[in-house]
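Quick notes on the structure that follows.
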Amino acid sequence: GRQRRTVIAAAAFPTVRPTHRQVTASQRPCQRVIIFYGYEVPVMTRLQILHRFLIGAIRLDDDEGYDRMCQVDQLVEEMDLQVFLQVIGCGVRCSYVETLLSDAVRMPRIRDLPADVHDLVVNKTYSGACRAVLALRRLLGHLAKLGLVVAVANQVLADVSSKVALDNADSLPSSAVRIRYRICRNVQLCAMISPSEKSEPAVIGSFDFAEPLAFERYWKHLQAESEAWINFLAQSSQLQSLEDIGSRDGQTQQQQQQQQQIDGSEVDEEDF
């Protein structure tokens with residue numbers, strides 16, 4: 001009968017064994033590996049770590065550093081590996097990374113990693129986009145909502161080179177806009193709960209992040225305000241539930257009274 005064709009051993013391709021495991025399109029980041037490498041699941045914790053990194057990376061007491069604007073990919077490359085693993089995470093096992101973590105040495109920056117390790121850690125989506133850039137952009141969006149960073153869209157068309165407001169950036173082609181971020185030195189934190197709907201939220205405090213203790217003070221007050229807001233929502237939900245129960249009970253009593261009146265009128269007609 002017909003025999004199955006086989007590849008001659010001498011003609012077989014040699015097995016390539018790279019020093020570090022390389023990511024292919026068929027591989028997906030593993031959640032267990034991300035946590036094992038120190039990824040912080042709570043988003044507020046990641047925002048706090050990222051904010052501390054930005055303050056350390058940009059000298060706020062220097063006018064030149066204060067006005068410095070950075071792109072997301074630049075911030076990724078400036079991160080040290082420890083901050084990267086906590087904020088963005090790496091879901092693919094890498095012996096080089098594990099050696100650094102076990103030796104407790106000073107972590108290198110992402111840009112200083114060996115080329116194969118760099119590509120593995122930064123990683124890309126199936127479409128070719130950088131996962132680290134996408135993740136960091138989302139976190140910077142949260143910091144912008146808190147007023148800790150400012151996003152500015154730069155129009156980079158060939159015939160135009162001018163800054164545009166971020167609100168108008170949606171009207172431009174995606175390929176023609178480059179978003180840069182600038183960290184805010186002076187920030188005001190307002191209360192999340194107002195005494196009334198018409199009154200403005202009270203200012204809890206002003207913070208100059210060039211001062212040594214401003215960072216800890218800000219995040220401590222923000223945590224307290226967040227907890228107060230969560231408790232306020234829980235109490236409002238409970239009050240709304242009680243009002244709904246009371247409204248249903250009132251409707252039930254009214255229906256029972258109407259039914260009793262109808263039954264009484266029917267009895268009177270039968271007696272007549």
Smallest separation among heavy atoms of I55 and F215, with atom names: CD1-CD1, 3.7 Å

Closest approach of W219 to M44 (non-hydrogen atoms, all atoms of both residues): CZ3-CE, 3.7 Å

Sequence-distant partners of A129, side chain to side chain contact (heavy atoms under 4.5 Å, CB included), two or more places apart: T125, S127, L134

Worked check of side-chain contact (heavy atoms from CB on, under 4.5 Å) between V43 and L139: CA-CA 8 Å; V43 64; L139 293 176; 4.2 Å; yes

R182 side chain vs V150 backbone, donor-acceptor pair below 3.5 Å: no

Trace of the side-chain contact (heavy atoms from CB on, under 4.5 Å) decision for Y181 with L143: CA-CA 10 Å; Y181 292 87; L143 290 182; over 6 Å; no

Residue pair E40 / V87, side-chain heavy-atom distance below 4.5 Å: no

Which residues share a side-chain hydrogen bond (donor to acceptor under 3.5 Å, both in side chains) with Y218, sequence neighbours left out: none

Partner residues of S206 under the side chain to side chain contact (heavy atoms under 4.5 Å, CB included) criterion, sequence neighbours left out: Q188

By side chain to side chain contact (heavy atoms under 4.5 Å, CB included) - contacts of V33 (at least two apart): C30, Y37, R93

Closest heavy-atom pair and its distance - L85, C90: CD2-CB, 3.7 Å

From CA spacing to verdict: side-chain contact (heavy atoms from CB on, under 4.5 Å), I49, V83: CA-CA 7 Å; I49 296 173; V83 172; 4.2 Å; yes

Pairs satisfying salt bridge (charged side-chain N to carboxylate O under 4.0 Å, His left out), at least one member in residues 210-223, at least two apart: R52-E216

Minimum heavy-atom distance C184-G147, with the two atoms named: SG-O, 3.5 Å

Please report, to 0.1 Å, the donor-acceptor pairs under 3.5 Å made by any side chain of residues 99-107, with sequence neighbours excluded.
residue	atom	partner	partner atom	Å
T99	OG1	S95	O	2.8
S102	OG	E98	O	3.1
S102	OG	T99	O	2.9

Set of side chain to side chain contact (heavy atoms under 4.5 Å, CB included) partners for Q31, sequence neighbours left out: I34, I35

Qualifying salt bridge (charged side-chain N to carboxylate O under 4.0 Å, His left out) pairs with a residue from residues 133-151, counting only residues at least two apart or across chains: none

Parallel, tilted or perpendicular: ring planes of F207 versus F209, cut at 30 and 60 degrees: parallel

Residue pairs passing the salt bridge (charged side-chain N to carboxylate O under 4.0 Å, His left out) test where at least one lies in residues 78-87, sequence neighbours excluded: E78-R109, E78-R111

Exercise: identify the closest heavy-atom pair between A210 and R185: CB-NE, 3.6 Å

ILVMFWY cluster membership beyond L213 - transitive side-chain contacts under 4.5 angstrom: none

Partners passing side-chain hydrogen bond (donor to acceptor under 3.5 Å, both in side chains) against H118 (at least two apart in sequence or in another chain): E77

Non-hydrogen atoms of V149 and L140 that approach each other most closely: CG2-O, 3.6 Å

Common cluster, Y39/V97, ILVMFWY with side-chain heavy-atom separation under 4.5 Å: no

Residues I179, Q71; criterion side-chain contact (heavy atoms from CB on, under 4.5 Å); working and verdict: CA-CA 7 Å; I179 306 298; Q71 294 179 220; over 6 Å; no

Hydrophobic cluster (4.5 angstrom, side-chain heavy atoms) - remaining members for I230: none

